[in-house]
J.: 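I am attaching a structure below and will ask some questions about it afterwards.
In listed order, ligands and their atoms are each counted from 1.
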Amino acid sequence: MPKLNEHYQDLKESYLFAEIAHRVAAYEAEHPDAKIIRLGIGDVTLPLGDLAIKGLHEGVDAMASAETFKGYGPEQGYSFLRDAISAYYARNGVSVDTADIFISDGAKSDTGNISELFDTDNVILIPDPVYPVYVDSNIMNGKNVTYLSGNAENNFLPMPDPSVHADIIYLCSPNNPTGAVYNKEQLKEWVDYALANEAVILFDSAYEAFISDPELPRSIYAIEGAKKCAIEFCSLSKTAGFTGTRCGYCVVPRELVFTASNGQEMSLHAMWNRRQSTKFNGTSYIIQKGAAAVFTEEGMAQCRENIAYYQENARIIADTLKRRNIRFFGGVHSPYIWFECPDGMESWEFFDYLLNNAQVVGTPGAGFGENGKNYFRLTSFNNHENTIAAMKRFEHLF
Ligand SMILES: *Cc1c(COP(=O)(O)O)cnc(C)c1O
């Protein structure tokens, strides 16, 4: 009989989206004429831009003739795409070397897999509330995590406590689910703390393209010293609508070298390269062709049009909450709006209240951590018409 990885027993049941679907289906069965509006969507809805589609077609056509056919590609990704990403960083004022970029099928894989590079004996800080992948991937590997409390007092932007040591720190900015974004001073505090503790920051920047204020950092490498302490994860999912197409990338700087217990120097870049070469055979050439088109200036301009559409929805939601005097977070540099449930309701209670009284579906904050249990997430990924209709229904609630 195999002895199983019993750490899987330590995972919390991931029932969030199943439970939402279940409650909505039950309501629909009882109210067949109800016009339910879904503002819980954590996925993009607009189609890919023309240039991404053209790039994908070129990739497909290349497979049709012996001269251009592609078999296995480099595990790290094709240099045409890695160069295009390095150039994209440069246009945003950040220098990232092509050699430090690894292409993948998405940031979920990378943020989930990275924990393999670290021992169980580490102090690991993870924000609460946050994207559940960081916690679950560490629990699967038998690791203990310490939560960094995000709350209304710190605007859901937890800061380092210099009196407490950490080895590994996960940060997500702009944050899912709260939409909160660290500014440069705040991120510098984290980088300085990591350098002082010889810690590594695992920085998830999946929503960087939603940042519209040039003063806010879209990459941790906008902060001096970050290449000595940070790995960055990015994705084309929210930037370019690639949630179904699948492409992401991470930056593992060669400066990230730490001393092992036997005194040997170990490079995280070399370890990640070895890990990827052993367990991953690269992202499809076709997808990488589409992705490279996204990182041209014209390709990115098309992505920005879609992002502006979502941002307009976020503004409509934010305006309604402001008018109703409901304090919220996010909604500007993020597709997410996060607010405290009115009248002291808990998040599942408010979910039912909203479904029953407005036929609007959102996401209970409890699904993102203890600190979310009185909060609620709405997203801007539905269309304008539905977003406006849902917000009209908000005017008469609570
Ligand atoms: C959506 C999302 C990602 C992207 O995941 P992919 O696997 O690239 O689709 C990464 N991190 C966060 C916080 C997200 O919300």
J.: Considering only residues two or more places apart or on different chains, which pairs with a residue in residues 288-309 satisfy ring pair (Phe, Tyr, Trp, His ring centres under 6.0 Å)?
T.: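 As it turns out, the ring pair (Phe, Tyr, Trp, His ring centres under 6.0 Å) pairs with a partner in residues 288-309, which skip direct neighbours, are Y88-F295, Y249-F295, Y309-H384.
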J.: Applying ring pair (Phe, Tyr, Trp, His ring centres under 6.0 Å), run through Y131 and Y170 and close with a yes or a no.
T.: CA-CA 10 Å; Y131 186 54; Y170 286 79; over 10 Å; no
J.: Which atoms of ligand 1 have any heavy atom of K108 under 4.0 Å away?
T.: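 In order of numbering, the contacting atoms are 5 (O), 6 (P), 7 (O).
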J.: Hydrophobic clustering (ILVMFWY, side-chain heavy atoms < 4.5 Å, transitive) - are I231 and Y89 grouped together?
T.: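 Y89 and I231: separate clusters.
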J.: What atoms of ligand 1 come within less than 4.0 Å of a heavy atom belonging to K238?
T.: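 Listed by number with element, the hits are 1 (C), 2 (C), 3 (C), 4 (C), 14 (C), 15 (O).
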J.: Do the charged groups of K238 and E208 touch, with an N to O distance under 4.0 Å?
T.: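 Not counted as a salt bridge, because no side-chain N and carboxylate O are separated by less than 4.0 Å.
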J.: Less than 3.5 Å apart, any donor N or O on the side chain of T259 or E265 sitting next to an acceptor on the other?
T.: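 Present: a donor and an acceptor within the cut-off.
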J.: For ligand 1, is there an N or O atom under 3.5 Å from any N or O atom of S235?
T.: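 So ligand 1 has an N or O lying under 3.5 Å from an N or O of S235.
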J.: How far is atom 9 (O) of ligand 1 from its nearest protein heavy atom, and which residue and atom name does that atom have?
T.: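 Residue, atom and distance for the closest contact: S237 OG, 2.6 Å.
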J.: Do ligand 1 and R246 have nitrogen or oxygen atoms that lie under 3.5 Å from each other?
T.: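 In this structure, R246 places an N or O atom under 3.5 Å from an N or O of ligand 1.
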J.: Mark up the atoms of ligand 1 that fall under 4.0 Å of a heavy atom belonging to Y131, in ascending order.
T.: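 Those qualifying, in numeric order: 3 (C), 5 (O), 10 (C), 11 (N), 12 (C), 13 (C), 14 (C), 15 (O).
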J.: Applying a 4.0 Å heavy-atom criterion (strictly less than), which segment of Y207 is in contact with ligand 1: side chain, backbone, both, or neither?
T.: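 The answer is the side chain of Y207.
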J.: With nothing but distance in play, are any N or O atoms of D105 less than 3.5 Å from an N or O of ligand 1?
T.: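 Between D105 and ligand 1, no N or O pair is found under 3.5 Å apart.
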J.: Just to verify, which of R254, E75, Q76 counts as forming a side-chain hydrogen bond (donor to acceptor under 3.5 Å, both in side chains) with N273?
T.: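 Per the side-chain hydrogen bond (donor to acceptor under 3.5 Å, both in side chains) rule, the option paired with N273 is Q76, out of R254, E75, Q76.
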J.: May I ask you to check if ligand 1 and A107 share an N or O to N or O distance below 3.5 Å?
T.: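 A107 vs ligand 1: N/O contact under 3.5 Å present.
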J.: Give the single entry among T111, D204, V44, T245 that approaches atom 12 (C) of ligand 1 most closely by any heavy atom.
T.: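 Ranked by closest heavy atom to atom 12 (C) of ligand 1, first place is D204.
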J.: If you measure only the distance, is there a donor-acceptor pair under 3.5 Å linking the side chains of D105 and S109?
T.: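 Short answer, yes.
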J.: So is there a nitrogen or oxygen of T243 less than 3.5 Å from a nitrogen or oxygen in ligand 1?
T.: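 N/O-N/O distance below 3.5 Å does not exist for this pair.
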J.: Hey, which atoms in ligand 1 end up nearer than 4.0 Å to a heavy atom of C172?
T.: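 Under 4.0 Å from C172, ligand 1 has these atoms: 13 (C).
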J.: Need the ligand 1 atom indices (1-based, order shown) with element for anything under 4.0 Å from a heavy-atom of G106.
T.: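 So the answer, numbered in order with elements, is 7 (O), 8 (O).
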J.: For N175 and T178, test the side chains for any donor-to-acceptor distance below 3.5 angstrom and give the result as yes or no.
T.: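 Indeed, the side chains of N175 and T178 share at least one donor-acceptor pair under 3.5 Å.
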J.: What's the spacing between C234 SG and I85 CD1 if we round to 0.5 Å?
T.: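 It comes to 8.5 Å.
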